[in-house]
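Since the structure is predicted, the reported quantities are computational estimates derived from the model, not experimental observations.
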Amino acid sequence: MRSTVARAMILAVGLSAVAGCSTTGQRRVSADMDCKKLDTPSNVCASETTGSIKPATATYAFEHAEFGPTLNTPEVFAALARRDAASEEIAKAHSMIMPKVNLEAQAGGLSERDAGYRYGSSGNAYSYGLSVEVPIYQGGRAAAAMKVARADHAVANEQAKDVMLSTAYNILLSQALVGRQKAAIAAYDRQEKQLRRLRASIDTEVSAGAASRVDLNDINRQLARLSVNRQQARIQLTGAQQTLVRYGAPQEVNQGLALAARMPKSEAELIATALSNNPRIGERLARMDGAAARVEGAKAAYNPNLSLQLGVMGEESSTYGGSRDHSGSAVVRFSVPLFTGGLRSADIRQKQEEERAALFERDAAVNGVAAAVRAAIDRQARAAEMLRLANMEKRNAVAALEGVKKERALGERSVFDEIRLNEDITNADINLANARYESLTAEYTLAAEIGLLDDLMGAEVSVRKSARAAL
């Protein structure tokens, strides 16, 4: 009987390497061919993956988002990273049709002692094994997996676009809010100057006996209330500025956007544009494609599978009882599930219900976007009317103040009347600021709902450039 014993000073070296063989042949296709329409799963669109098919870029460049200028914020970077991660699923699905190569090898020292001999024998030993598995027929599994991966990548792409639009929308709304609060603070400042000028005049009239201390008290009470209102406006301004500071965006509204003039005019055109471009609908459509592909995958999972397995293996040792054995093999492997206990039908029914759910979610998204577009159109019309009325209110208040000043000089009006008219002008200025804010908000909301906010504004929403390495 022979026993193999490990001794001191024996060197054991183990090597295990797994190599994935991935070769893509040169395919000559016309420049205008849509690779997504190709039936064979080996045709991978170069724009769909950043893995072994297409190397990833070192940074997220200005055009990297593929749907307009990139806003360099962590939220956008995260969405783009998720999109690129989803693209790797395409490369993984593509690998299903490629040969798999595996190499295992071991080498080291060996010491042997036989029961019939006093002295042992030492030497070297090694073994190796190389196997290759070539898929021949997979029953549609790879094609279904490729469709699922492409649909998931489309979902991630639409989500990234939604994050982009949401970020731009939040920046624009915050800029509009900053403009409104600054306008309100400026109106309070103008009112304060008017009241202080009026108080100086009343001081002179009190000294001359033409006015009473009651008038001065009215002015001082109005100034105190004015200070409180201005502080409230500054608090709201700070909140709006915080959002812009977080995004590194400028605080001034770009008055040259003129989004309303660059959008479709009719409700039908706006809704049609939204249904074609809104990223929420695009995401739901992609999820429908993914659900349909998963139904195909559930059916294909139980189809026959055929593959060719090639192998080369051997071992050899240099001891006195050494052995040498080298061999090769070629095997065709065929497998097909015959009975799954109802698992196959249950899996297919589950995926079909998920497909129905994706269809209903698409319908809900369409209804929601259409309702949001109609609401934004209505809000835009009401904001325009509000702006017209606020301008009218301002003109009337200014005219009334001029008349009151003349009448008070004749003794026909009181100081309180002039104080009240000054307050009316300030309220009109604030209403004007609110109307302009509502008008801008309506424009931004409508542009965001039709999915064209980023395209319409171009590169107007600028943010601080942050180094990719710092993230």
- Message: Is a donor from one side chain sitting under 3.5 angstrom from an acceptor on the other, for Arg349 and Gln352?
- Response: no
- Lys299, NZ atom: more than 12 neighbouring heavy atoms under 6.0 Å: no
- Evaluate the criterion side-chain contact (heavy atoms from CB on, under 4.5 Å) for residue pair Glu418 and Leu421; output intermediate values, then yes/no. CA-CA 5 Å; Glu418 188 169 345; Leu421 264 298; 5.7 Å; no
- Nearest heavy-atom approach of Ala390 to Ala435 is CB-CB, 4.3 Å
- Query: Can you check whether Arg280 reaches Glu449 side chain to side chain, under 4.5 Å on heavy atoms?
  - Reply: yes
- Message: Holding to salt bridge (Lys or Arg N to Asp or Glu O under 4.0 Å), I want the full list of residues that pass it with Glu89, two or more places apart in sequence or in another chain.
- Response: Lys92
- Item | Worked check of salt bridge (Lys or Arg N to Asp or Glu O under 4.0 Å) between Arg294 and Glu354 | CA-CA 9 Å; Arg294 286 179 173 87; Glu354 291 175 355; 5.7 Å; no
- Query: If we ignore angles and hydrogens, is there a donor and acceptor under 3.5 Å between the side chains of Tyr188 and Ser227?
  - Reply: no
- Message: Looking at every heavy atom in both Arg83 and His153, which two are closest together, and how far apart are they?
- Response: O-CD2, 3.4 Å
- Item | Gln380 to Ala442 - nearest heavy-atom pair and separation | CA-CB, 3.5 Å
- How long is the gap from CG on Asp218 to CG on Leu195, to the nearest 0.5 Å? 11.0 Å
- CZ of Phe360 to CE of Met288, rounded to nearest 0.5 Å, is 10.5 Å
- Item | Phe416 atom CZ: more than 12 heavy-atom contacts under 6.0 Å | no
- Query: Could you state the interatomic distance from CG (Leu359) to CZ (Arg287), rounded to the nearest 0.5 Å?
  - Reply: 14.5 Å
- Residues Tyr169 and Ala448: closest non-hydrogen pair is CD1-CB, 4.0 Å
- Is there a side-chain contact (heavy atoms from CB on, under 4.5 Å) between Ile90 and Arg150 once you walk through the steps? CA-CA 6 Å; Ile90 300 175; Arg150 284 174 173 166; 4.2 Å; yes
- Query: Do the non-hydrogen side-chain atoms of Leu270 and Pro264 ever get within less than 4.5 Å of each other?
  - Reply: yes
- Query: Is Arg382 atom CZ crowded by more than 12 heavy atoms from other residues, nucleotides or ligands, each under 6.0 Å away?
  - Reply: no
- Message: So, using salt bridge (Lys or Arg N to Asp or Glu O under 4.0 Å) as the criterion, who are the partners of Glu75 when residues are at least two apart?
- Response: Arg246
- Query: Just by modelled atom types, is the Asp84 backbone N or O under 3.5 Å from a matching donor or acceptor in the Ser87 side chain?
  - Reply: yes
- Query: With a 4.5 Å heavy-atom cut-off, do Val336 and Asn305 have their side chains touching?
  - Reply: no
- Message: Return the CD to OG distance between Gln242 and Ser174, rounded to the nearest 0.5 Å.
- Response: 10.0 Å
- Query: Passes salt bridge (Lys or Arg N to Asp or Glu O under 4.0 Å), Asp347 versus Arg344? Steps please.
  - Reply: CA-CA 5 Å; Asp347 193 20; Arg344 178 180 185 275; over 6 Å; no
- Task: Before giving the answer on side-chain contact (heavy atoms from CB on, under 4.5 Å), spell out for Asp203 and Arg199 the whole-Å C-alpha distance, their side-chain angles and the decisive distance to 0.1 Å.
- Result: CA-CA 6 Å; Asp203 279 335; Arg199 187 174 64 179; 4.2 Å; yes
- Qualifying residue for side chain to side chain contact (heavy atoms under 4.5 Å, CB included) with Asn422, from Val404, Leu401, Asp417, Asn427: Leu401
- Message: If you compare all heavy atoms of Ala149 against all heavy atoms of Ala93, which two are closest, and at what distance to 0.1 Å?
- Response: CB-CB, 4.3 Å
- Are any of the side-chain heavy atoms of Glu296 and Val148 separated by less than 4.5 Å? no
- Query: Does atom CD of Glu269 have more than 12 heavy-atom neighbours, drawn from other residues, nucleotides or ligands, at distances under 6.0 Å?
  - Reply: yes
- Side-chain donor-acceptor pair present, Gln191, Glu423, cut-off under 3.5 Å: no
- Answer whether the closest heavy-atom distance between the side chains of Arg196 and Lys193 falls below 4.5 Å. no
- Note on the structure: For Ile450 and Asn277 the tightest heavy-atom approach is O-CB, 3.2 Å
- Query: Step by step, would you call Gln241 with Val178 a side-chain contact (heavy atoms from CB on, under 4.5 Å)?
  - Reply: CA-CA 7 Å; Gln241 289 174 331; Val178 166; 3.9 Å; yes
- Are any of the side-chain heavy atoms of Lys147 and Asp289 separated by less than 4.5 Å? no
- Task: Under the salt bridge (Lys or Arg N to Asp or Glu O under 4.0 Å) rule, what do Arg356 and Glu353 come out as? Steps first, then yes or no, please.
- Result: CA-CA 5 Å; Arg356 291 181 64 242; Glu353 290 302 315; 2.8 Å; yes
- Message: Working note: Arg230 + Asp189, criterion salt bridge (Lys or Arg N to Asp or Glu O under 4.0 Å); need CA distance, chi angles, decisive distance, verdict.
- Response: CA-CA 8 Å; Arg230 183 165 48 202; Asp189 290 341; 2.8 Å; yes
- Task: Please confirm whether the backbone N or O of Asn303 pairs with a side-chain atom of Arg141, one donor and one acceptor, at under 3.5 Å?
- Result: yes
- Give, for atom CG of Asn278 and atom CG of Asp162, the distance between the pair rounded to the nearest 0.5 Å. 7.5 Å
- Task: Say whether, by atom type as modelled, one donor and one acceptor occur between the side chain of Gln181 and the main chain of Ala233 under 3.5 angstrom.
- Result: yes
- Measure the shortest side-chain to side-chain distance between Val155 and Gln159 over non-hydrogen atoms and say whether it is less than 4.5 angstrom. yes
- Message: Here's a test for you: under salt bridge (Lys or Arg N to Asp or Glu O under 4.0 Å), which of Arg180, Lys182, Lys394 qualifies with Asp429?
- Response: Lys394
- Item | Separation between CZ of Arg436 and CG of Leu387, rounded to the nearest 0.5 Å | 6.5 Å
